[in-house]
Participant: 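Dumping the structure here so I can ask a few things about it.
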Amino acid sequence: MAKYPFRELENKWQAYWQSNKTFKTPTKVDTTKPKYYVLDMFPYPSGAGLHVGHPEGYTATDIVARYKRMCGYNVLHPIGWDAFGLPAEQYALRTGTHPRITTEANINRFRKQLQSLGLSYDWDREIDTTDPEYYKWTQWIFLQLLERGLAYEAKVPVWWCEALGTTLSNEEVVDGKSDIGGHPCERRMLRQWVLRITEYAERLLKGLEHTDWPQSTKEMQRNWIGRSEGAEIDFKVQGGDSSVIRVYTTRPDTMFGATYMVLAPEHPLVDHISTKAQRNEVSHYIELASRKSDIERTELQKEKTGVFTGGYALNPVSQEAIPIWIADYVLSSYGTGAIMAVPGEDERDWAFAAKYDLPIVRTVQPPSDFTGLAYTGDGPAINSAFLNGLYIQEAKERIIDYLESEGLGTRKVNYKLRDWLFSRQRYWGEPIPVVFEGDQVSSLPENALPLTLPELEEFKPSGTPEGPLALAQNWLQTINPSSGNIAKRETNTMPQWAGSCWYFLRYIDPKNSMQIVDPKLEKYWMPVDLYIGGAEHAVLHLLYARFWHMVLYDAGVVSTPEPFSKLVHQGMILGELEYTAWKNIESGQWVTSPQVSGGKDVHTGAHLEAVRIDEERVTKDGDKFFLKEKPQIQLDVRAHKMSKSRGNVINPDEIISQFGADAFRLYEMFMGPLEQVKPWNTRGVHGTFRFLTRVWRLITERPVHDIKPEREQLRLLHQTIDRVTSDIEGLRMNTAIAALMEFVNAAFKWKQIPQEIAEYFVLLLSPFAPHISEELWQYLGHQESLAYESWPELDKQYLTEDMIDLPVQVNGKLRATIRIPVEIDKQQVVERAMLETNVLKFVANKPVNKEIYVPGRILNIVVG
RNA sequence: GCCGGGAUGGCGGAAUUGGUAGACGCAACGGACUUAAAAUCCGUUGGCCGCUAGGCCGUGCGGGUUCGAGUCCCGCUCCCGGUACCA
């Protein structure tokens with residue numbers, strides 16, 4: 001019994017698609033037809049090659065692309081490479097290999113791997129962010145930002161990473177350590193390019209309402225933007241002069257309870273306010289805070305620290321003199337860098353007040369059963385003069401009105417979002433297209449683009465804020481084309497996010513040397529109809545791309561404010577499910593898992609070894625798993641992230657060579673819902689492979705005749721058309737495949753296959769398993785690729801049935817299933833049901849209270 | 001802590017608006033074919049009782065609404081992801 005020859009036929013069809021440019025989207029398409037732009041998050045071509053996570057999203061979009069083509073849409077389905085970035089540069093550092101070489105090799109490998117999956121990309125639109133013809137336009141966008149005042153230079157405190165010899169963005173630093181490599185980082189003041197994303201905060205927030213995106217992603221972006229409403233209030237400093245401390249608060253209603261103030265250690269007024277007596281202590285604290293790396297600041301965050309400045313301010317409503325403190329729990333970068341502290345209503349202020357024995361006044365009446373310290377909930381105001389009795393919302397309105405009328409404060413909206421630090425001290429990035437004459441910056445004219453990277457022998461970061469480009473003397477020294485004067489180039493490059501902020505626009509018109517994108521083409525193809533990629537980009541890439549797109553919209557370059565209509569994140573694929581038992585290495589004794597914490601025995605403190613247990617040695621009791629040979633030993637059961645160190649990485653190349661691309665694609669889609677995290681199981685690939693073998697045999701091993709299909713066969717076919725179509729539309733690939741499997745299981749019992757049915761089935765299968773489908777299509781007598789055949793149309797008349805099986809319940813419990821004609825009425829159904837002995841048994845002689853009949857669904861007889 | 005998402009057989013999962021819980025697949029077991037293995041085909045497989053017609057229990061836990069709840073409401077527990085002195 002021959003398996004289907006997947007190797008030959010997959011090679012054959014991949015070659016066919018490539019040489020025939022089957023999936024090329026012509027530059028000029030018939031624009032009267034509807035369009036569908038289906039986009040993948042393009043990969044960073046890493047040295048490790050493709051992992052099993054990539055094909056998950058890529059197969060899903062490929063299915064949609066193939067389906068939409070068959071539905072008559074013009075489909076744009078491109079791919080490219082997000083190829084600038086740190087790894088190639090670090091590899092260059094270690095080996096001396098130029099990043100260009102590494103990148104090219106990696107791209108070639110990725111391209112080959114993607115092609116081996118049979119993905120229907122238009123390879124004539126491939127783009128590469130490191131190609132000067134591409135980054136010319138990335139630089140062009142930077143010039144637009146500069147022109148619009150959205151790019152500026154600033155001395156800003158930035159994350160400096162000594163080990164990497166470069167600055168990093170806030171997002172690239174996690175817990176004071178670099179996201180890549182985990183090296184310690186510290187704050188430094190540096191001259192940097194910054195993009196004014198904050199100017200778009202409100203629009204970035206509002207725009208989310210019009211997108212079909214995952215709720216969680218929208219929420220994460222909202223939190224990141226962090227809009228809050230409140231007031232800025234001026235507190236007069238007590239003493240001779242007229243200096244004031246401006247604070248930002250979201251709870252102006254509590255200001256009668258402001259019993260002290262806190263400034264960030266970096267606040268400009270600190271020096272001015274501190275009294276002679278306190279000055280030593282204050283400057284000591286400031287120095288400590290500045291020397292503390294942010295690792296320490298976050299680690300020490302449980303315990304608040306601060307010192308009294310000796311100064312006092314006047315609470316503008318209570319007229320009380322309140323002490324001014326400094327403390328590093330107040331951040332200089334948010335609001336005004338100063339707060340009014342209301343310990344009664346704020347947990348942080350309470351903790352601080354309690355520690356330093358500062359007065360606490362409640363301004364909101366907590367409920368009688370409230371047992372906590374600071375009360376942050378709603379309630380009537382107390383100790384607040386004219387606000388007393390008002391609930392929070394009303395009290396806020398009243399106090400802001402008062403402050404504004406007295407000139408003491410103003411309503412104010414604040415955002416957590418910071419401007420985007422756009423400079424990197426790296427070689428392998430887009431050069432920033434500006435020159436300096438002394439401190440005077442001028443942008444390069446458009447005709448000077450692209451500003452290409454110089455060839456370098458040495459890629460070491462200079463270890464100073466000047467990046468490796470400072471070493472390229474010939475490149476660095478130049479003439480300002482605008483003035484003709486001697487000038488110096490910018491040594492910083494753009495961050496990796498830059499190229500990915502707009503790549504989806506370039507796919508539309510990738511070869512255009514005159515414009516970033518032809519406006520007519522842009523108008524036709526944008527916005528992206530479906531965008532699939534990992535949830536790890538929920539904030540950064542997706543927020544930056546939206547920001548640039550809005551700027552380009554304002555500049556009249558693009559026609560829509562939002563770039564991505566519908567967004568879906570594929571869930572991560574974990575390694576295979578693992579059963580782990582813990583063993584004391586010295587004694588050889590097993591330790592039950594609830595008694596294990598952090599790899600140690602919680603009783604003895606002994607180090608334990610994790611031992612992987614085969615499924616056969618595992619037994620389940622309740623919802624927990626135990627060792628079969630020693631049932632008192634509980635096991636840990638978990639699928640872990642794939643990682644080299646854990647040794648659970650699945651290589652897609654191996655799976656493809658063993659089972660073929662079609663079986664691999666099918667398995668990745670069959671595992672479960674696209675968005676869900678799910679464990680890998682290689683045995684599952686056997687299952688989809690077996691299915692394809694059955695498909696192959698179904699059509700090639702039994703006679704296919706041009707006979708008239710029976711009604712039963714047509715019903716099965718159209719049921720399958722119905723299910724597969726709506727499942728693809730809803731991205732429920734797993735259940736679509738289940739429907740195809742059910743079809744094959746049923747059709748396998750037929751003696752012969754009507755030609756018409758076989759053809760329709762092959763078309764239904766083709767988006768999922770394109771190679772075998774093309775081969776079978778040819779086998780069924782067609783000359784052309786099936787890629788543009790019409791998608792099978794549902795004919796509802798075949799779905800109707802004359803007789804159905806109706807479940808019959810008595811008091812809500814299933815007692816029988818009766819076979820009845822569809823169109824009979826309730827009375828007849830009840831009469832028929834009452835013939836069932838099992839129904840009679842439960843009805844007995846009890847009075848029938850109610851008969852609920854949902855036609856086609858259920859009959860429920862309720863007896864007394 | 002806060003925000004978001006989950007919890008269904010040995011495992012991955014199915015069950016469009018409340019209407020036969022466990023589709024489809026994996027694994028396991030039994031059988032056919034085979035010298036044998038692989039492959040393939042047929043059958044069984046939520047638990048318990050009868051082992052046949054059938055019955056009882058069952059979708060993380062406790063309550064509620066309903067003729068009827070995996071699905072809706074209230075209150076919990078646990079898991080995953082994100083995020084955190086943001087005033």
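To find a chain, count down the sequence lines: A is the first, B the second, and so on, and within it residues start at 1.
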Participant: Tell me whether the guanidinium CZ or amine NZ of A/Arg694 lies under 6.0 angstrom from the six-membered ring centre of A/Phe748 and within 45° of its axis.
Facilitator: yes
Participant: Round to a whole Å and report the spacing from CZ of A/Arg697 to C1' of B/rC41.
Facilitator: 8 Å
Participant: Identify whether any heavy atom of A/Phe842 sits under 4.0 Å from a base atom; if not, whether one sits that close to sugar-phosphate; answer base, sugar-phosphate or nothing.
Facilitator: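 Sugar-phosphate contact only.
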Participant: When only distance counts, do a donor and an acceptor, one from the side chain of A/Arg857 and one from the base of B/rU17, lie under 3.5 Å apart?
Facilitator: yes
Participant: When we call it a touch if two heavy atoms are under 4.0 Å apart, what does A/Phe691 touch: a base, just sugar-phosphate, or nothing?
Facilitator: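 No contact.
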Participant: Answer yes or no: is there an ion pair linking A/Lys841 with A/Glu836, defined by an N-O contact shorter than 4.0 Å?
Facilitator: no
Participant: Could you tell me whether A/Pro214 contacts a base, only the sugar-phosphate backbone, or nothing, with contacts defined as non-hydrogen atoms closer than 4.0 Å?
Facilitator: nothing
Participant: Give one of base, sugar-phosphate or nothing for A/Asn849, where a contact means two heavy atoms less than 4.0 Å apart.
Facilitator: nothing
Participant: Across all strands, who's sitting opposite B/rG1 as a Watson-Crick or G-U wobble pair, both distances under 3.5 Å?
Facilitator: B/rU83
Participant: Quick test of your reading of the model: are A/Glu742 and A/Arg723 salt-bridged, counting only N-O distances below 4.0 Å?
Facilitator: yes
Participant: Tell me which nucleotide, if any, is Watson-Crick or G-U wobble paired with B/rG10 when both distances must be under 3.5 Å.
Facilitator: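 Paired with B/rG10, as far as the under-3.5 Å criterion goes, is B/rC26.
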Participant: Would you mind telling me which of B/rG10, B/rA87, B/rG55 lies closest to the side-chain atoms of A/Asn838?
Facilitator: B/rG55
Participant: When you match A/Gln676 and A/Phe670 each to their closest nucleotide on RNA chain B, which lands nearer the 5' end?
Facilitator: A/Gln676
Participant: Who is the Watson-Crick or G-U wobble partner of B/rA32, with both distances under 3.5 Å?
Facilitator: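 Per the H-bond distance test, B/rU40.
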Participant: Taking a pair as Watson-Crick or G-U wobble with both distances under 3.5 Å, which nucleotide is matched to B/rC56?
Facilitator: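 Its partner is B/rG47 (Watson-Crick or G-U wobble, both distances under 3.5 Å).
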Participant: OP1 or OP2 of B/rC24 less than 4.0 angstrom from a side-chain nitrogen or oxygen of A/Arg690, does that happen here?
Facilitator: no
Participant: Quick one: which of B/rC3, B/rA87, B/rG12 gets closest to the side chain of A/Glu219?
Facilitator: B/rC3
Participant: Should B/rG68 be called syn or anti, with syn set as within 90° of 0?
Facilitator: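 Glycosidic conformation of B/rG68: anti.
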Participant: Which nucleotide in the set B/rG54, B/rA87, B/rC67 lies at the smallest distance from any side-chain heavy atom of A/Tyr334?
Facilitator: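 When the side chain of A/Tyr334 is considered, B/rA87 is the closest of B/rG54, B/rA87, B/rC67.
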Participant: At less than 4.0 Å, is any side-chain N or O atom of A/Ser228 found next to OP1 or OP2 of B/rA87? Yes or no.
Facilitator: yes
Participant: Taking only N and O in the side chain of A/Asn223, is any of them less than 4.0 Å away from OP1 or OP2 of B/rG4?
Facilitator: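 Answer no for this pair, as no side-chain N or O of A/Asn223 is under 4.0 Å from OP1 or OP2.
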Participant: Taking the side chain of A/Met741 as heavy atoms from C-beta outward, which of B/rG54, B/rC67, B/rG25 is closest to it?
Facilitator: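 For the A/Met741 side chain, the nearest candidate turns out to be B/rG25.
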Participant: Check every atom of B/rC11, B/rC67, B/rG12 against the side chain of A/Phe625 and return the nucleotide holding the closest atom.
Facilitator: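 The listed nucleotide nearest to A/Phe625's side chain is B/rC11.
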Participant: Cation-pi check for A/Phe352 against A/Lys304: NZ or CZ below 6.0 Å from the six-membered ring centre and within 45 degrees of the axis, yes or no?
Facilitator: no
Participant: Base, sugar-phosphate, or nothing for A/Glu742, non-hydrogen atoms under 4.0 angstrom?
Facilitator: sugar-phosphate
Participant: So does A/Glu56 pair up with A/Lys678, basic N to acidic O under 4.0 Å?
Facilitator: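 Yes, this pair counts.
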Participant: What nucleic acid atoms does A/Asp346 come within less than 4.0 Å of, heavy atoms only: base, sugar-phosphate, or nothing?
Facilitator: nothing
Participant: Please report, rounded to the nearest Å, how far the P atom of B/rG13 is from the CD atom of A/Glu675.
Facilitator: 13 Å
Participant: Run the ring-ring contact (aromatic ring centres under 6.0 Å, His included) test on A/Trp680 and A/Tyr667 for me, step by step, so that the C-alpha distance in whole Å, both residues' side-chain angles and the decisive distance to 0.1 Å come before the verdict.
Facilitator: CA-CA 10 Å; A/Trp680 178 268; A/Tyr667 173 65; 4.9 Å; yes
Participant: Reckon A/Asp349 touches a base, only the sugar-phosphate, or nothing at all at heavy-atom distances under 4.0 Å?
Facilitator: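 Contact class for A/Asp349: none.
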Participant: OP1, OP2 of B/rC41 versus side-chain N and O of A/Arg694: anything below 4.0 Å?
Facilitator: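 Looking at the OP1 and OP2 atoms of B/rC41, one of them is under 4.0 Å from a side-chain N or O of A/Arg694.
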Participant: OP1 or OP2 of B/rG54 sitting under 4.0 Å from any side-chain N/O of A/Lys813?
Facilitator: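 So the side-chain polar atoms of A/Lys813 never come under 4.0 Å of the phosphate oxygens OP1 or OP2 of B/rG54.
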Participant: Please state how far atom NZ in A/Lys749 lies from atom P in B/rC42, giving the value in whole angstrom units.
Facilitator: 6 Å
Participant: Taking the side chain of A/Arg732 as its heavy atoms from C-beta onward, which of B/rU16, B/rC11, B/rG55 lies nearest to it?
Facilitator: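 So the side chain of A/Arg732 is nearest to B/rU16.
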Participant: For the side chain of A/Asn745, starting at C-beta, report the closest nucleotide among B/rG19, B/rA87, B/rC24.
Facilitator: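 Between B/rG19, B/rA87, B/rC24, the one nearest the side chain of A/Asn745 would be B/rC24.
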Participant: B/rG19 C1' sits how many Å from A/Ile804 CD1, rounded?
Facilitator: 12 Å
Participant: Please determine if A/Asp253 and A/Arg251 form a salt bridge, counting it only when a charged side-chain N lies under 4.0 Å from a carboxylate O.
Facilitator: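 Salt bridge between A/Asp253 and A/Arg251, a charged N being under 4.0 Å from a carboxylate O: yes.
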Participant: Whole angstroms only, please: what is the CG-P distance between A/Leu577 and B/rG25?
Facilitator: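 Going from CG in A/Leu577 over to P in B/rG25 covers 21 Å.
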Participant: Side chain of A/Ile858 only, heavy atoms from C-beta on: which candidate in B/rU20, B/rA27, B/rG54 is closest?
Facilitator: B/rU20
Participant: Under 4.0 Å, heavy atoms only, any strand: does A/Asn414 hit a base, just the sugar-phosphate, or nothing?
Facilitator: nothing
Participant: Expressed as a whole number of angstroms, how long is the span from A/Tyr667:OH to B/rG13:P?
Facilitator: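 Atom-to-atom, A/Tyr667 to B/rG13, this comes out as 9 Å.
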Participant: Please name the nucleotide paired to B/rU16 by Watson-Crick or G-U wobble geometry with both distances under 3.5 Å, or report none.
Facilitator: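 Pairing partner: none.
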Participant: For A/Lys678 and for A/His686, locate the closest nucleotide of RNA chain B by heavy-atom distance; then report the residue assigned to the nucleotide nearer the 5' terminus.
Facilitator: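 Result: A/Lys678.
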Participant: Does A/Asn734 make a side-chain N or O approach to OP1 or OP2 of B/rA23 shorter than 4.0 Å?
Facilitator: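 Looking at the OP1 and OP2 atoms of B/rA23, neither is under 4.0 Å from any side-chain N or O of A/Asn734.
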Participant: Looking across every strand, which nucleic acid part, if any, lies under 4.0 Å from A/Arg723 by heavy atom: base, sugar-phosphate, or nothing?
Facilitator: nothing
Participant: Under 4.0 Å between a side-chain N/O of A/Tyr248 and OP1 or OP2 of B/rA87, yes or no?
Facilitator: no
Participant: Nearest-Å distance, CG (A/Asn681) to P (B/rC24)?
Facilitator: 19 Å
Participant: Could you walk me through whether A/Ile339 and A/Thr249 pass side-chain contact (heavy atoms from CB on, under 4.5 Å), step by step?
Facilitator: CA-CA 7 Å; A/Ile339 62 158; A/Thr249 178; over 6 Å; no
Participant: Taking any strand in view, what nucleotide pairs with B/rG70 in a Watson-Crick or G-U wobble way, both distances under 3.5 Å?
Facilitator: none
Participant: Specify whether A/His686 and A/Phe659 have parallel, tilted or perpendicular ring planes, treating 30° as the upper limit for parallel and 60° as the lower limit for perpendicular.
Facilitator: perpendicular
Participant: Rounding to a whole Å, what distance do you find between A/Lys826:NZ and B/rC67:P?
Facilitator: 14 Å
Participant: Need one value for A/Ser726: base, sugar-phosphate or nothing, where a base atom within 4.0 Å counts as base even if backbone is also close, heavy atoms only.
Facilitator: base
Participant: Is A/Arg222 close enough to B/rG4 that one of its side-chain N or O atoms is under 4.0 Å from OP1 or OP2 there?
Facilitator: no
Participant: Distance check, P atoms only: B/rG12 and B/rG75, in whole angstrom units.
Facilitator: 30 Å
